[in-house]
Amino acid sequence: MSEEKQLNNGSQRVAYEKLTRKDLNKVFWRLQIWGLNLTSTMVNTQANGFLNAMTPVLKRLYGDADKETRARAMRRHLLYFLSQITATGMILGITAAVEETTKEDEKEAVVAIKAGMMGPLAGIGDSVFKITIQAIAGSIGAAYAMQGSILGPILMFLIYNGLNIGVKYYGIIAGYEKGMEFIQSGEQAKVMQKIINISTMVGVIVLGALIAQYVKINVGTEIKMDETVISIQSLLDGILPKLLPLIFTISLFKLHSYMPRKYLTYLIFAILAIGTVLAVMGILV
Amino acid sequence: MTLVQALLIAAWAGYCSYDDVAPQMLRRPLLVGPLVGIILGDITTGLIISATLELMWMGLGNMAGYQTPDMIVGTILGVTVSITSGTGATPEGIAAGVAAATTVAILVQQLLVMSRVLKQFFEPWADRLANEGDLDGMMKINIVAFIIQFLLRAVPTFLVVYFQAGIVDKILSAVPDNILGGLGTASAILPAVGLSILMTLMMKGVLWPFLLLGFVLSAYLELGILPITLISLSFAIVYSYIMEIIDRQNEMAAMPNAKVTIDEDEGYDL
């Protein structure tokens, strides 16, 4: 279908002219099985993994070429690459399209497109997959698992991986088929921004719910005035249920902006220690 | 614990270690922990400890080169300690599991930083392959990398799980009961850490009302996470449509003259 469309448009590019759907499937499996971080180094970071995923494409395009061309193609994909794995599917698809259409002396376009896309797509991938979807799937799963239901991890696995793997695969196919027109039109950026906005909003609403549901701080202290006993916790509940968890979580959030991430572990231990002391004294229950 | 159980847990740790850098299908405490529970014959405890750790480490992920405390070995050890010490899913058991998980996670974090140095030799190797134009050679690097990555977590996990489980037991019995109970109460506060990290990644000025909305839906209306997710999804979509309409109106309002001129032009043409 897309072949005809491309031909009718008189576009310079014809989808699936040299590369086949099979090659793209191989790219997907390489990305899925070997990923990008398995062979990552400190200098080129994920470039080894990127070259590995691109290999089926390079084999098809340069398999018969002379050694020097082949070496140049490989070195091109060993240049610094750092992005997010799920989002890299689309980069691979577009890179394959550009590799197929450019002439040997235009190959700097391949490098430029990779470099231009890895940053923004890493941002999208991190915020949508690593933060939002992972957190939502995790909290849905944790809710079931807390009650001892095996449904928890299963649901989390299906939600997270359905999206994770689906986006990887369709990224490669759509990236290749839509190829250049994808990046050149401004439309794409708008759609992506919309996806980020919606998922951030959902994420934040769920976050608010999680604070109420999972952070447990209850005051055990009671004030005795003559005959009446007033429980501080019931006073607090009268103002707003779960008020302390909300205040505590927001204060931690404020603290994070002053505190480097590497002290996080000390923070966890400090909360454990102070919490234990308060609980032994009976202030917290 | 039998040798077979220890080997199975070590193999699972090795597989999760590979999964963490390549397919990235598991990598979270809730997906890693339950199988350890199954191996040790106590699935319920496995689920509850994993869920606790999942919430505690919720906002934590490897971002921009920062190596986080290792959730995988941490979770596996946390579940193992809770189950083998016989405390199970009681507050004491959860506390012991969380304490073990956090400690081990930091130790393994150091190990992972060192492993990056080891992996550095892939670079000259890949360069050599590229210069020879050897397209099939990359697979060899993958396989060597897989073995390194597998052993990286499988070996330490086996050593700790098989030889040290008894030590944890002795430590636990030496600690007074009310302190263990206090630890349980304190570890119920810990999800706040994971959630607050998540906030640093997501919160921008306009989003505070949304946080409050979610909080109220849960605190007052006591809805579950799934209905809240669905409510918020429809809410977010409607909101984004409204924003789009406002944007379009603003665009139109920004150029009233342009519109008038076009009309006038047309008028003159007619």
Side-chain angles (χ1 to χ4, degrees), chain A residues 32 34-35 37-39 41 43 48 52 55 59 67 70-71 74-75 78 85 130-131 135 138-143 145-146 148 153 156-157 161 197-198 200-206 208-217 241-242 248-249 252-253 256 265 268 271-272 275-276 279-280 284, chain B residues 21-25 28 30-31 34 44 47 51 54-55 58 61 63 69 102 106 116 119-120 122-123 126 130-131 133 135 138 141-142 145 149 178 182-183 185-186 188-189 191-193 195-196 198-202 207 210-211 213-215 217-219 225-226 228-229 232-233 236-237 240:
Chain A
Q32 180 60 29
W34 301 108
N37 291 340
L38 187 61
T39 51
T41 63
V43 181
N48 289 342
N52 179 54
T55 299
K59 266 189 184 165
K67 187 182 150 193
R70 225 165 44 227
M74 285 180 78
R75 277 199 295 265
L78 273 182
I85 294 187
K130 275 194 183 167
I131 301 172
S139 50
I140 292 172
M146 277 293 187
M156 179 185 180
F157 184 85
N161 286 301
N197 283 345
I198 290 178
T200 311
M201 269 184 265
V202 173
V204 170
I205 295 175
V206 171
L210 291 178
I211 294 172
Q213 207 150 353
Y214 288 128
V215 184
K216 294 195 176 67
I217 309 175
K242 316 276 183 182
F248 185 68
T249 312
L252 277 184
F253 161 65
H256 285 311
T265 321
I268 291 178
I271 293 173
L272 266 180
T276 309
V280 170
L284 291 182
Chain B
V21 288
Q24 301 201 329
M25 291 167 77
R28 300 294 308 175
L30 187 55
L31 299 177
T44 315
L47 284 168
E54 174 70 38
L55 293 169
M58 185 156 272
M63 301 260 271
T102 322
I106 302 158
R116 289 190 178 187
K119 281 182 169 184
Q120 194 55 38
F122 292 145
E123 190 148 317
N131 285 332
L135 280 164
M138 286 307 290
I141 302 188
N142 280 335
Q149 189 70 29
N178 62 343
L183 259 175
T185 309
I189 308 174
V193 178
L195 294 169
S196 62
L198 209 55
M199 281 175 80
T200 62
L201 302 167
M202 295 170 92
L207 291 170
F210 292 93
L211 186 85
L213 173 69
F215 182 80
L217 283 177
S218 178
I225 294 297
L226 200 54
I228 292 179
T229 308
S232 58
L233 189 63
I237 290 172
S240 94

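Chain naming here is simple, since letters A, B, ... match the order of the sequence lines and numbering starts at 1 in each.
The contact between A:I85 and chain B is made entirely by side chain atoms (from C-beta outward), counting heavy-atom distances below 4.5 Å. Of the atoms belonging to B:Q149, it is side-chain heavy atoms, and not backbone ones, that fall under 4.5 Å from chain A. Using a 4.5 Å cut-off between heavy atoms, A:F248 touches chain B through its side chain atoms alone. With a threshold of 4.5 angstrom between heavy atoms, A:L78 approaches chain B through side-chain atoms but not through N, CA, C or O. With a 4.5 angstrom heavy-atom cutoff, B:P23 touches chain A via backbone and side-chain atoms both.
Within the 3.5 Å criterion, the main-chain N or O of B:F215 finds no donor-acceptor partner in the side chain of B:S218. One N or O on the side chain of B:K119 and one on the backbone of A:L38 form a donor-acceptor pair closer than 3.5 Å. At distances below 3.5 Å, at least one donor-acceptor pair connects side-chain atoms of B:E54 with backbone N or O atoms of B:L30.
Per-residue counts of heavy-atom pairs under 4.5 Å with chain B were compared for A:V202, A:L284, A:V280; the largest is that of A:V202. Between chain A and the residues B:N178, B:L31, B:T185, the most heavy-atom pairs under 4.5 angstrom are made by B:L31. Comparing B:T229, B:L207, B:N142, B:L226 by how many heavy-atom pairs each has under 4.5 Å with chain A, the most go to B:N142. Your options are A:A71, A:G275, A:A143, and the one with the most heavy-atom pairs under 4.5 Å with chain B is A:A71. Ranked by heavy-atom pairs shorter than 4.5 Å toward chain A, the options B:T102, B:T200, B:L213, B:I141 are led by B:T200. Per-residue counts of heavy-atom pairs under 4.5 Å with chain A were compared for B:N131, B:I228, B:T44, B:L217; the largest is that of B:N131. Considering only heavy-atom pairs separated by less than 4.5 Å from chain B, the leading option among A:A135, A:A209, A:A142 is A:A209. Residue with the most contacts toward chain B among A:P153, A:A279, A:G35, A:S139: A:P153 (heavy-atom pairs, distance under 4.5 Å). When each of A:V215, A:L210, A:I271, A:V204 is scored by its heavy-atom pairs under 4.5 Å with chain B, the top score falls to A:V204.
For the side-chain contact (heavy atoms from CB on, under 4.5 Å) test, residues two or more places apart in sequence or in another chain that qualify with A:N161 are A:F157, A:N164, A:I165, B:M25. For A:K67, there are no salt bridge (Lys or Arg N to Asp or Glu O under 4.0 Å) partners at least two apart in sequence or on another chain.
Counting all heavy atoms, side chain and backbone alike, B:M58 lies closest to A:G138 at CE-C, 4.2 Å. In this structure, A:M156 and A:G141 approach most closely via the heavy-atom pair CB-CA, 4.4 Å. Between B:A126 and A:N48 the shortest heavy-atom distance is CB-OD1, 3.3 Å.
Inter-residue side-chain proximity for A:L252 and B:M199 is flagged as unmet; no heavy-atom pair is nearer than 4.5 Å.
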